[in-house]
Amino acid sequence: MKAVTVETMRKMDETAIHTYGIPSTVLMEHAAMAVCGYFLAHIEKSKHVLIVCGPGNNGGDGFALARLLVQEGYTHVQLHCCVDYGHMSLDEAVFAKVANSYQIPCSHSEERKDIEQLIQDADIIVDALFGTGLSRTISGFYDRLILQINLADKMVISIDIASGIHGNSGQIMGCAIQADITLTFESYKLGQILYPGSAYSGKIIPLSIQMPKAIEQMAEGLLVLEDDLVKTLLPQRSSHSHKGTYGKALMIGGSKEMHGAVTMAAKAALRSGIGTLTLFVPDCITLLLASKLEESMIIGAASEDGFFAHDAITALKRILSQYDMIIIGNGMGRNEAGKELVRTVLESDRPCILDGDALYETGKITAALQRPYPTILTPHVKEMSYLSGHSIKDIQQDPIAVLKEFLRKYPFSTVALKDAHTIIANSQQMYLNLAGNHALAKGGSGDVLCGILAGLFGQSKDALTSAACAVYVHAITADLLIQDEDANSILPNDLIASLSDTYQILREG
């Protein structure tokens with residue numbers, strides 16, 4: 001499934017109507033049927049349902065839903081709409097008249113006390129106010145109505161998109177419904193998965209409205225990572241293989257105060273299938289790491305004050321060509337020697353993964369990213385600001401635009417922009433991850449992700465698919481753990497210990 005723009009979704013609708021001859025009212029009916037199906041599966045028929053309808057096709061979905069719920073035996077269905085037929089879209093007016101013929105109660109009051117009573121009487125509120133095409137700031141009566149709904153302690157289900165979210169950017173158009181569940185149609189909408197829209201959308205559940213399959217396949221958008229897709233992207237292992245088949249990696253990082261970061265990255269790489277792994281670390285921590293990482297080789301480099309010293313650069317240059325890939329940054333710290341180690345890696349012809357402190361140092365030498373060799377970067381939003389020159393606010397407002405600009409400058413790069421919903425992209429394709437939970441909001445989690453990525457890239461040699469799979473594996477491992485453990489108590493090492501179960505589930509279903 002994809003996450004698409006408003007324009008793409010509109011084009012899909014128009015193609016269905018004009019090329020395939022499917023009337024717009026049929027699409028609206030299918031949308032209402034899909035929502036009704038969700039109600040039948042999850043909502044008791046005795047519940048009091050209030051459907052609030054706005055002046056457009058989203059309101060039409062609400063009117064059509066009211067009729068279907070009544071037909072299915074829901075005994076307490078109430079409509080609220082403050083526009084007359086003359087101010088509705090043509091399709092909405094059709095379904096409003098049908099609902100009226102069924103004598104479904106419909107309030108038209110704009111009085112605060114009347115709205116409060118409707119909300120108080122409801123168990124479920126269905127938001128059918130504004131759809132994906134909203135482009136103006138919400139004000140006046142609808143602003144007050146949305147506030148009243150948000151302040152009520154009621155379950156709120158939004159149809160297609162939570163009203164008030166800009167369908168493309170995720171920005172809030174003055175105010176927005178705080179949904180518990182969003183029942184969206186055919187594809188995810190970008191505004192639902194970009195911040196702050198993602199914070200208002202609740203659980204997003206895609207529903208089919210029976211669009212022709214050809215239209216779905218031709219739609220442009222971000223591919224959403226799911227089990228079936230990731231299973232096809234995971235690297236395959238052959239019985240006729242050896243350790244050299246799966247990558248000879250050099251991992252550069254660690255410091256006296258942050259030896260855990262490189263340790264966790266190394267463990268995750270080994271658990272994710274890397275063939276051989278050598279650590280290049282400050283010599284002040286070699287004995288400590290040797291006691292924790294029996295499966296890795298360790299090279300101690302010159303150190304000063306617990307960090308890499310300048311002499312480490314010469315040592316790295318001597319051995320760099322011996323490895324298939326380089327990972328740098330985990331727990332490395334920030335000093336001049338670290339920056340020059342990063343420069344040395346970027347000036348080589350080795351594929352590399354930049355994480356942690358290497359991203360900060362790369363922000364000072366971005367010209368080195370012009371290299372014509374695979375370069376994978378794993379920044380969170382603040383680190384992306386170092387790399388792109390854009391502010392954190394700019395990146396949060398339009399991460400896709402920032403990524404596209406960055407990848408035009410550095411076309412051999414692959415970026416996993418980490419956030420609540422991570423975007424993985426190269427200059428040709430973008431993936432979107434919706435899996436994961438707040439158990440990952442813990443120091444060391446990013447190091448585990450880097451290690452997973454190293455292990456997968458060592459096997460496949462494909463930067464984009466390795467990054468996409470790594471992000472998803474990392475996320476669903478947390479989703480599996482949270483089923484039996486409290487999120488507060490899940491540690492990065494728990495993720496590493498559970499990786500085998502995750503890979504087995506993905507490979508074998």
Side-chain angles (χ1 to χ4, degrees), residues 230-254 261-281 289 293-299 316-332 341-342 344-346 348-356 358 371-378 412-416 424 426 446-474 477 495-496 499-500 502-504 506-507:
V230 173
K231 182 177 181 179
T232 67
L233 300 178
L234 280 174
Q236 301 300 309
R237 296 176 71 89
S238 169
S239 57
H240 299 287
S241 59
H242 54 83
K243 63 185 180 183
T245 307
Y246 302 121
K248 185 179 181 182
L250 180 69
M251 182 174 286
I252 305 164
V262 73
T263 302
M264 288 183 285
K267 287 180 177 180
L270 291 162
R271 286 281 184 183
S272 295
I274 194 69
T276 67
L277 179 64
T278 301
L279 303 186
F280 184 89
V281 299
L289 293 187
L293 293 166
E294 295 177 339
E295 297 89 350
S296 300
M297 293 165 280
I298 299 176
I299 298 172
L316 178 62
K317 288 178 178 178
R318 285 199 300 265
I319 65 171
L320 207 55
S321 62
Q322 300 174 22
Y323 299 92
D324 300 330
M325 56 180 289
I326 314 297
I327 307 102
I328 182 167
N330 304 92
M332 183 176 68
L341 287 171
V342 173
T344 298
V345 170
L346 291 175
S348 76
D349 62 356
R350 303 289 91 176
C352 65
I353 299 171
L354 307 177
D355 191 58
R371 66 198 305 265
Y373 309 105
T375 308
I376 308 174
L377 305 97
T378 60
F412 289 88
S413 294
T414 296
V415 180
I424 308 98
N426 65 10
D447 300 300
V448 175
L449 171 60
C450 180
I452 296 170
L453 172 52
L456 295 178
F457 182 65
Q459 297 170 83
S460 72
K461 312 300 190 290
D462 186 298
L464 180 65
T465 59
S466 298
C469 289
V471 168
Y472 190 72
V473 165
H474 184 247
T477 301
L495 299 172
I496 297 169
L499 284 174
S500 180
T502 301
Y503 287 122
Q504 190 170 35
L506 287 173
R507 292 188 194 280

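Here the side chains of Val345 and Arg350 are not in contact, with every heavy-atom distance at 4.5 Å or above. Proximity of Pro374 to Thr414: side-chain heavy atoms (C-beta onward) are nowhere separated by under 4.5 Å. Side chains of Leu233 and Tyr472 form no contact here, defined as non-hydrogen atoms less than 4.5 Å apart.
The two residues Leu495 and His474 have their closest heavy-atom pair at CD1-NE2, 3.9 Å. The minimum heavy-atom distance between Ser466 and Phe457, with the atom names listed, is OG-CA, 3.3 Å. When all heavy atoms of Ala470 and Leu456 are compared, the pair lying nearest together is N-CD1, 3.6 Å. Gln459 and Gly455 get closest at one heavy-atom pair: NE2-O, 2.9 Å.
Here the NZ atom belonging to Lys231 is positioned 9.0 Å from the CG atom belonging to Leu506, to the nearest 0.5 angstrom. Here CG of Leu499 is found 4.5 Å from CD1 of Ile452. Values are rounded to the nearest 0.5 Å. Here Leu316 contributes atom CG and Ile252 contributes atom CD1; the two are 4.5 Å apart, rounded to the nearest 0.5 Å. Atoms CG and CD1, on Leu453 and Ile376 in that order, are 4.5 Å from each other to the nearest 0.5 Å. To the nearest 0.5 Å, the span separating CD1 on Ile298 from CG on Leu289 amounts to 5.0 Å.
Listed by chain and number, the residues in a side-chain hydrogen bond (donor to acceptor under 3.5 Å, both in side chains) with Arg507 amount to none (sequence neighbours excluded). Not counting sequence neighbours, the partners of Lys317 by the side-chain contact (heavy atoms from CB on, under 4.5 Å) test are Ile313, Thr344. In this structure, the side-chain contact (heavy atoms from CB on, under 4.5 Å) partners of Tyr373, at least two apart in sequence or on a different chain, are Asp349, Arg371. In terms of the ring-ring contact (aromatic ring centres under 6.0 Å, His included) criterion, residue partners of Phe280 (sequence neighbours excluded) are, by chain and number, Phe308. Every side-chain contact (heavy atoms from CB on, under 4.5 Å) that Ala468 has, sequence neighbours left out, goes to Leu225, Ile424, Tyr431. Under the rule for a side-chain hydrogen bond (donor to acceptor under 3.5 Å, both in side chains), the partners of Thr502 that lie at least two apart in sequence or sit in another chain are Thr477. Listed by chain and number, the residues in a side-chain hydrogen bond (donor to acceptor under 3.5 Å, both in side chains) with Thr278 amount to none (sequence neighbours excluded). Residues satisfying the side-chain contact (heavy atoms from CB on, under 4.5 Å) test with Thr245, not counting sequence neighbours, are Ser241, His242. Considering only residues two or more places apart in sequence or on other chains, Thr263 meets the side-chain hydrogen bond (donor to acceptor under 3.5 Å, both in side chains) condition with Lys292.
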Side-chain donor-acceptor pairs under 3.5 Å in residues 267-276, sequence neighbours left out?
| unit_1 | atom_1 | unit_2 | atom_2 | d |
| --- | --- | --- | --- | --- |
| Ser272 | OG | Ala268 | O | 2.9 |
| Ser272 | OG | Tyr503 | OH | 2.7 |

With a 3.5 Å cut-off and sequence neighbours excluded, list the donor-acceptor pairs that the side chains of residues 319-330 form with protein atoms.
| unit_1 | atom_1 | unit_2 | atom_2 | d |
| --- | --- | --- | --- | --- |
| Asp324 | OD2 | Lys248 | N | 2.8 |
| Asn330 | ND2 | Asp355 | OD2 | 2.8 |
| Asn330 | ND2 | Asp447 | OD1 | 2.9 |

Could you go step by step and tell me if Leu277 and Glu295 meet the side-chain contact (heavy atoms from CB on, under 4.5 Å) rule? CA-CA 8 Å; Leu277 179 64; Glu295 297 89 350; over 6 Å; no
